[in-house]
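Take a look at the structure below.
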Amino acid sequence: MRHVVIIGAGQAGSTLAAKLRELGFDGRVTLIGDEPHPPYQRPPLSKAYLTGKLAADRLALRGPSFYAERGIDLRLATKVTRISPAEKRIELGAESLAYDDFVLATGASPIRLPAHIGGSLANVFTLRTIADAEEITSHIGPGKRALIIGGGYIGLEVAAALSQTGVLVTLVELQERILCRVAAAETSAYFRSLHAERGVSLLEGVGLVSLEGEDRVRRARLSDGSCIDFDFVIVGIGVRPSVALAEAAGLAVENGVCVDAQGRTSETGIWAVGDCASFLWDGRRLRIESVPHAIDQAETVAANILGANRDYRPRPWFWSDQFDVKLQIAGLNSGYDRIVERKGAKPGACSYWYFAGDKLLAVDAINDARAYMTAKKLIDAGRSPSPLDVADGRFT
């Protein structure tokens, strides 16, 4: 009986397992996760979960009986220690499993601060798992002082969530502005004002020199010469794709596990999906870290495992919730040379449209679902409105 083994029980891995059954696959499916929890949503961890508005039991992607009912062997708290492509086997400590097709859905891991600047002190956290979030919530309380290192989306979402619980938040961003690597200056300015109005202290163009303390972190020394006391620190400086197993097995790795247009790695019978996989896009190796991408790519690869031979064509979209503001992003803004601002129909709503010449690349829609949906349809269809029409409101 044909056996598909999937390592990584997150959004991509669980989606792929479910899609195999939906498409009629009647062989064995084994889904392996290194956490003790059944597959769950990660995005709420930096948002509603930290504020207490979402309970842990509502994070699950599927009901408790879903996997057993579909004959999916879900193995939790299990680590794969080795892949042997030549033998088509994987090792799980003392146990080994033979496979016909093997899927890497290992995701990504947060970048941590080096120990020599205090990164290993107690009360210094990253946020990727339920366990991480539970550790952080045990330190939350009115009047507590938190330092967030990194002004990307995760850092800003955590800042917003903590601020709403009464925590006094300072966020430090080394670059000259928050969201510097992922958004235009206009979007950065909007969220800078939003956070400042809600009491978050933003320090841009300021780096961390060291974290100090004996038993736990007590203070931070910053590049502007200041030294500030804190109760806990959250590090949000990005993630790295989890590729150690792939590298050890001799698979091609470049900004993630290299896959072709259909999701195959450099080894026959091994596939990769989600945050850990990189694919060619406009001549470069691209990884997309988002729930929609994980779902779409996993469903395509499931079909290809069963012989569909279908190329994956990403239609990127993302979102971020901060305070009472929803940012919706369609497309990829890499290479833009012009930003067009458009006011929304509701007070405070707006959108920023990214163009390269006359080509629409992406949009950041802030509390403006209509602009987001319009832009997404255009981008997915490869169509571009006139920048002038966008700016003056004639285009709808």
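Within a 6.0 Å sphere centred on CZ of Arg2, heavy atoms belonging to other residues, nucleotides or ligands number more than 12. Shown here is Asp358, whose CG atom has no more than 12 heavy atoms of other residues, nucleotides or ligands within 6.0 Å. Residue-environment remark: CZ (Arg145) exceeds the threshold of 12 foreign heavy atoms within 6.0 Å.
In this structure, a donor-acceptor pair under 3.5 Å is absent between the side chains of Arg89 and Ser84. In summary, the side chains of Ser109 and Ser242 do present a donor paired with an acceptor at a separation below 3.5 Å, with no hydrogens or angles considered. Side chain to side chain, Ser278 and Asn255 fail the donor-acceptor criterion of an N or O pair below 3.5 Å. Between the side chains of Tyr153 and Gln322, no donor N or O sits under 3.5 Å from an acceptor N or O. A side-chain donor-acceptor contact under 3.5 Å links Tyr354 and Asp364. Tyr312 and Arg310 are not linked by any side-chain donor-acceptor pair at a separation below 3.5 angstrom, with hydrogens and angles left out of the test.
Counting only heavy atoms from C-beta outward, the side chains of Ile329 and Leu327 approach each other to under 4.5 Å. Contact of the Val169 side chain with the Ile148 side chain is registered, since non-hydrogen atoms from C-beta on lie closer than 4.5 Å. Inter-residue side-chain proximity for Trp317 and Lys376 is flagged as met; some heavy-atom pair is nearer than 4.5 Å. Looking at Leu203 and Leu171, their side chains never come closer than 4.5 Å, going by heavy atoms from C-beta outward. Put simply, the side chain of Leu361 does not reach to within 4.5 Å of the side chain of Ser334, judged on heavy atoms. At a threshold of 4.5 Å between non-hydrogen side-chain atoms, the residues Val235 and Ile111 do not count as touching. Side-chain contact between Arg342 and Trp353 is present, with heavy atoms from C-beta onward closer than 4.5 Å. With contacts defined as side-chain heavy-atom distances shorter than 4.5 Å, the pair Tyr40/Thr129 qualifies.
Distance alone, capped at 3.5 Å, places no donor-acceptor pair between the Glu212 side chain and the Arg219 backbone. Between the side chain of Glu95 and the main chain of Glu91, no donor-acceptor pair closer than 3.5 Å is present. For Lys359 (side chain) and Phe355 (main-chain N/O), no donor-acceptor pair under 3.5 Å exists by modelled atom type. The backbone N or O of Gln175 lies less than 3.5 Å from a partner atom in the side chain of Glu173, making a donor-acceptor pair.
Under the 4.5 Å side-chain heavy-atom criterion for ILVMFWY residues, no single connected hydrophobic cluster contains both Ile237 and Val158. Ile130 is connected to Ile234 through a chain of hydrophobic side-chain contacts under 4.5 Å among Ile, Leu, Val, Met, Phe, Trp and Tyr, so both are in one cluster. No chain of hydrophobic side-chain contacts below 4.5 Å, direct or via other Ile, Leu, Val, Met, Phe, Trp or Tyr residues, connects Ile295 to Leu16.
The side-chain tip of Arg198 points at the ring of Phe323 from less than 6.0 angstrom away and within 45° of straight on.
Remark: Glu35 CD to Arg128 CZ distance equals 9.5 Å, nearest 0.5 Å. Taking NZ of Lys144 as the start and CD1 of Ile140 as the end, the distance is 9.5 Å to the nearest 0.5 Å. Remark: Ile149 CD1 to Leu208 CG distance equals 4.5 Å, nearest 0.5 Å. Note that CG of Asp231 and CZ of Arg216 are 6.0 Å apart. Values are rounded to the nearest 0.5 Å. Atom CG of Leu245 is separated from atom CD1 of Ile90 by 9.0 Å, given to the nearest 0.5 angstrom. With values rounded to the nearest 0.5 angstrom, Tyr190 atom OH is found 11.0 Å from Glu341 atom CD.
Salt-bridge formation is not detected for the pair Arg177/Glu204: no Lys NZ or Arg NE/NH1/NH2 atom is positioned less than 4.0 Å from an Asp or Glu carboxylate oxygen. Asp282 has no carboxylate O lying under 4.0 Å from a charged side-chain N of Arg284, or vice versa, which leaves the two without a salt bridge. Taking a cutoff of 4.0 Å between a charged side-chain nitrogen and a carboxylate oxygen, Lys326 and Asp321 qualify as a salt bridge.
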Practice task
Given salt bridge (Lys or Arg N to Asp or Glu O under 4.0 Å), test Asp380 with Arg383 step by step and report yes or no.
Solution key: CA-CA 8 Å; Asp380 290 348; Arg383 296 170 51 207; over 6 Å; no

Problem - Steps toward side chain to side chain contact (heavy atoms under 4.5 Å, CB included) verdict (Lys88, Phe102) - result: CA-CA 8 Å; Lys88 287 203 162 187; Phe102 180 66; over 6 Å; no

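Checked options Val257, Ile288, Asp260; the residue passing with Phe279 is Ile288 (criterion: side-chain contact (heavy atoms from CB on, under 4.5 Å)).
In this structure, the ring of His293 has its center no less than 6.0 angstrom from the ring center of Phe318.
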